[in-house]
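What's counted below: heavy atoms across the whole structure, side chains too, no hydrogens, waters or symmetry copies. In what follows, chains carry the letters A, B, and so on, assigned in the order in which the sequence lines appear, proteins first and then strands, with residues in each chain numbered from 1. The model shown is predicted, which means the values in this text are computed figures rather than measured ones.
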2 protein chains.
Amino acid sequence: MIGSSKREQLIQAALELFSKNGFHAVGVDTISEKAGITKRTLYHHFKSKEELILAALRYYDERFRNDFMRSVEGKAESPVGRLLAVFDVVEEWFGKEDFSGCLFVGAMGEYPEEGMPIRRVCQESKVLTREYIKGLAEKAQLKDAKQLAEQIILLIEGAITMAQVNKSSLSALHAKKAAEVLIQNSGPFV
Amino acid sequence: MIGSSKREQLIQAALELFSKNGFHAVGVDTISEKAGITKRTLYHHFKSKEELILAALRYYDERFRNDFMRSVEGKAESPVGRLLAVFDVVEEWFGKEDFSGCLFVGAMGEYPEEGMPIRRVCQESKVLTREYIKGLAEKAQLKDAKQLAEQIILLIEGAITMAQVNKSSLSALHAKKAAEVLIQNSGPFV
DNA sequence: TAAAATGTACACAGGTTAGTATACCTAGGT
DNA sequence: ACCTAGGTATACTAACCTGTGTACATTTTA
């Protein structure tokens, strides 16, 4: 049986709890209880809490980035338009009542041990997001597309942090205005 | 006895451990052991682990922002120069081998409960940093100083996150280049 | 039909956590 | 000389943590 539903239930329960409370603060008993599945079964699917965390992060990464890109593409057609639409999408994200910052950044904060699998998954997710932004900048035929992409990433990450700190989605608007200036300055054509 | 040295030893040991490992991951036994002070004495000075965390965050906030501002002011005289020097200072910070992201962001990630004292301390620290940046922008007589300050804050916070994720201080350079463009665009005069 | 995987229920091991109890020591102030 | 406050040392509680043992039920698949 591929993609057992129990397994997915556990991952979803874990994700909700980890997002809201952090990783160390949530025990496996709480997760299994929330999923309505015994702890023994949890350990049938994941050989340790760390494996469950890894699976949850990978699951979240896939869905989250997928939704993110689809939302961006639904908001604008042109590459430049999409580059800016990114900030509208994050603003909506910040507005959700269950928003609590970037799960990957949180995970890296709680698991600082160099080279840990958890850290690698988080880093890979960030790389893929960066690639996506870089692709948009390149399609927009802006000069210094790579550098522009880096700068836009900084604005996004900064906006995430400040949205979490201030419990406000205003940071997304500030970031968008900054991005407009940076794009403008990057020249309309290559 | 004011400002007992034992108390400070405990705070410093706690800070080192929290910075490196996070808050939940470090127990009071580890802290008292590292400080060379018995746990019973720790509980003479702080009535709970949370109180110790609060004291450590406040202690860190004071010293960190002080050092930060002094470094900035040592690097440039003009307000615009200082606005840019901020990124040189953070770059140096990222380069330290014990750098592991922003302690306050980490604390907020691990203690998400709304209105918690720990969160308030972190938020206040961010407010003060914002005020400092805003002050520089105003002294530089740039138009939209307040908005520019918000944008620069986003670049700083984004750079912190990416420095932690990629274990690289490169993000500071990208942020600085973006800041140059934003400042330029904010007009040389009001 | 039989074997294998997945599931339940529940107790338990072994370790760590925050925080306390008890008893004693020492230095300073009055 | 005495009392109080800060400190030491050690053992403890009670809760919580991850992970397992055991015995049995259900479902899948060959």
Side-chain angles (χ1 to χ4, degrees), chain A residues 1-57 59 106-107 109-113 116-119 121, chain B residues 1-57 59 106-107 109-113 116-119 121:
Chain A
M1 186 192 296
I2 307 163
S4 148
S5 147
K6 297 277 174 190
R7 192 186 149 92
E8 210 162 311
Q9 281 172 252
L10 284 163
I11 288 179
Q12 277 163 356
L15 269 180
E16 273 187 54
L17 290 164
F18 289 149
S19 298
K20 186 179 296 192
N21 304 108
F23 296 86
H24 282 107
V26 176
V28 287
D29 296 270
T30 312
I31 295 166
S32 61
E33 194 183 328
K34 164 144 191 164
I37 288 163
T38 59
K39 186 164 61 162
R40 203 68 189 82
T41 303
L42 187 155
Y43 277 100
H44 268 289
H45 288 282
F46 308 97
K47 76 171 210 282
S48 66
K49 183 184 179 182
E50 188 177 339
E51 290 266 321
L52 170 56
I53 293 174
L54 277 169
L57 289 174
Y59 180 96
E110 288 202 52
Y111 298 99
E113 206 170 316
M116 230 181 154
I118 288 177
R119 289 184 78 83
V121 170
Chain B
M1 191 189 297
I2 307 161
S4 148
S5 145
K6 297 278 174 189
R7 190 185 150 94
E8 210 162 311
Q9 280 172 252
L10 284 164
I11 288 179
Q12 278 164 358
L15 269 180
E16 273 186 54
L17 290 164
F18 289 149
S19 298
K20 186 178 294 191
N21 305 109
F23 296 85
H24 282 106
V26 176
V28 287
D29 296 271
T30 312
I31 295 167
S32 61
E33 194 182 330
K34 164 144 191 164
I37 288 162
T38 58
K39 187 163 61 160
R40 202 67 190 81
T41 302
L42 188 155
Y43 279 100
H44 266 287
H45 289 282
F46 309 98
K47 77 170 210 282
S48 67
K49 182 184 180 182
E50 187 177 340
E51 291 266 321
L52 170 55
I53 293 174
L54 277 170
L57 289 174
Y59 180 97
E110 289 202 50
Y111 298 98
E113 205 170 315
M116 229 181 155
I118 289 178
R119 291 183 76 83
V121 170

Would you kindly check whether a donor in the side chain of A/Arg40 faces an acceptor in the base of D/dG21, or vice versa, at under 3.5 angstrom? yes

Interatomic distance, CD1@B/Ile11 vs CG@B/Leu57, rounded to 0.5 Å, equals 10.0 Å

Mind running side-chain contact (heavy atoms from CB on, under 4.5 Å) on B/His24 and A/Phe23 for me, showing each step along the way? CA-CA 9 Å; B/His24 282 106; A/Phe23 296 86; over 6 Å; no

If you only use heavy atoms from C-beta on, which nucleotide in D/dT20, C/dA18, C/dT8 is closest to the side chain of A/Tyr43? D/dT20

Could you tell me which non-hydrogen atom of A/Gly22 sits nearest to which non-hydrogen atom of A/Glu110, and how far apart they are? CA-OE2, 3.3 Å

Could you tell me whether the phosphate oxygens of C/dG7, OP1 or OP2, come under 4.0 Å of any side-chain nitrogen or oxygen in A/His45? yes

Please determine whether a side-chain nitrogen or oxygen atom of A/Thr41 lies at a distance below 4.0 Å from atom OP1 or OP2 of C/dT8. yes

Rounding to an integer number of Å, can you tell me how far B/Leu52 CG sits from C/dA18 P? 10 Å

Side-chain N,O (A/Thr38) to OP1/OP2 (C/dT8) below 4.0 Å: yes

Between A/Val26 and B/Ile37, which is nearer to the 5' end of DNA chain D once each is assigned its nearest nucleotide? B/Ile37

Does D/dT8 have OP1 or OP2 under 4.0 Å away from a side-chain N or O of B/His44? no

Should B/Lys39 be listed as having a side-chain N or O under 4.0 Å from OP1 or OP2 of D/dT10? no

Quick one: which of A/Lys39, A/Arg40, A/Lys34 gives a salt bridge (Lys or Arg N to Asp or Glu O under 4.0 Å) with A/Asp29? A/Lys39

